[in-house]
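Step one of this worksheet: look at the structure below.
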Amino acid sequence: MTARHWIPALLCLGALALATPTHLAAGPTAPPSEPLVFETPEQEARYQKLVRELRCTVCQNQNLIESNAPLASDLRRQISLMVKDGAETGEVVDYMVARYGDFVLFRPPVNRTTYLLWYGPVILLVLGLSVLGLVLWRRKSRVTSAPLSADEEERLRRLLDEDRGGQA
């Protein structure tokens, strides 16, 4: 095959690639979720609270109810099953934390792995203010007030006298 044959073949492949629907190129999407039915309104309220408080581990800063990721759909289904089985809110949260770590929580607990998260901004603020104070203190100590020479004192006195005379 010569280049004369390759060019039309490549152009046809490019045209096919452009003609492919974008929803096929984007990959599989999450299947539509089935409507959830709970036995009591309390169970549904607990479920709604949990899916709003737990983070999707795949998405950027989205909770489980906002996320369209397949993993979020699976987690919502798992939470609904646990709530329907009578699991308490703490049990569901503990299960999710055991499986996905503290990242699944929007409000991570204060422990040794999250100290930097909780106290880091305060530490950075204190360090920044300390450095600023040190720089200002050093700058102030560099500027010394040297005594004026006799010529400078005489010039200053003349300027002050002129200024007082001009105001009167």
Consider only side-chain heavy atoms of I, L, V, M, F, W and Y, link residues closer than 4.5 Å, and tell whether [X] and [Y] are in one cluster.
X	Y	answer
Val104	Val58	yes
Phe103	Val110	no
Trp118	Leu127	yes
Tyr115	Ile123	yes
Leu160	Leu148	yes

Can you confirm whether [X] sits close enough to [Y] that some side-chain heavy atom of one is under 4.5 Å from a side-chain heavy atom of the other?
X	Y	answer
Cys56	Leu71	no
Arg55	Asn61	yes
Arg158	Arg155	yes
Leu117	Pro108	yes
Tyr100	Leu75	yes
Ser130	Val126	yes
Met96	Leu105	no
Tyr95	Arg99	yes

Review point. Does a sphere of radius 6.0 Å around CG in Leu159 hold more than 12 heavy atoms from other residues, nucleotides or ligands, not counting ones at 6.0 Å or beyond?
Key: yes
Point to revise | By salt bridge (Lys or Arg N to Asp or Glu O under 4.0 Å) - contacts of Asp94 (at least two apart) | key: none
Look at the side chain of [X] and the backbone N and O of [Y], then say whether any donor-acceptor pair between them is shorter than 3.5 Å.
X	Y	value
Asn111	Thr113	yes
Thr114	Pro109	yes
Gln43	Glu39	yes

Practice item. Take Arg76 and Tyr47, measure what side chain to side chain contact (heavy atoms under 4.5 Å, CB included) needs, and give me the verdict at the end. Key: CA-CA 9 Å; Arg76 286 191 300 262; Tyr47 168 79; 3.5 Å; yes
Exercise for review: Verify side chain to side chain donor-acceptor pair (under 3.5 Å) between Asp151 and Ser149, making sure each step is shown before the conclusion.
Suggested key: CA-CA 5 Å; Asp151 292 339; Ser149 66; 5.3 Å; no
Exercise for review: Please name all residues satisfying ring-ring contact (aromatic ring centres under 6.0 Å, His included) with Phe106, sequence neighbours left out, ordered by chain then number.
Suggested key: none
Rounded to the nearest 0.5 Å, what separates atom [atom1] in [X] from atom [atom2] in [Y]?
X	Y	atom1	atom2	answer
Glu44	Lys84	CD	NZ	10.0 Å
Asp85	Met82	CG	CE	8.5 Å
Thr57	Leu64	OG1	CG	8.0 Å
Gln48	Ser80	CD	OG	11.0 Å

**Study point:** Which atom of Arg107 lies closest to which atom of Glu53, heavy atoms considered
**Key:** NH2-OE2, 3.4 Å
Check your understanding: How far apart are the closest heavy atoms of Val51 and Asn63, and which atoms are they?
Key -> O-CB, 3.6 Å
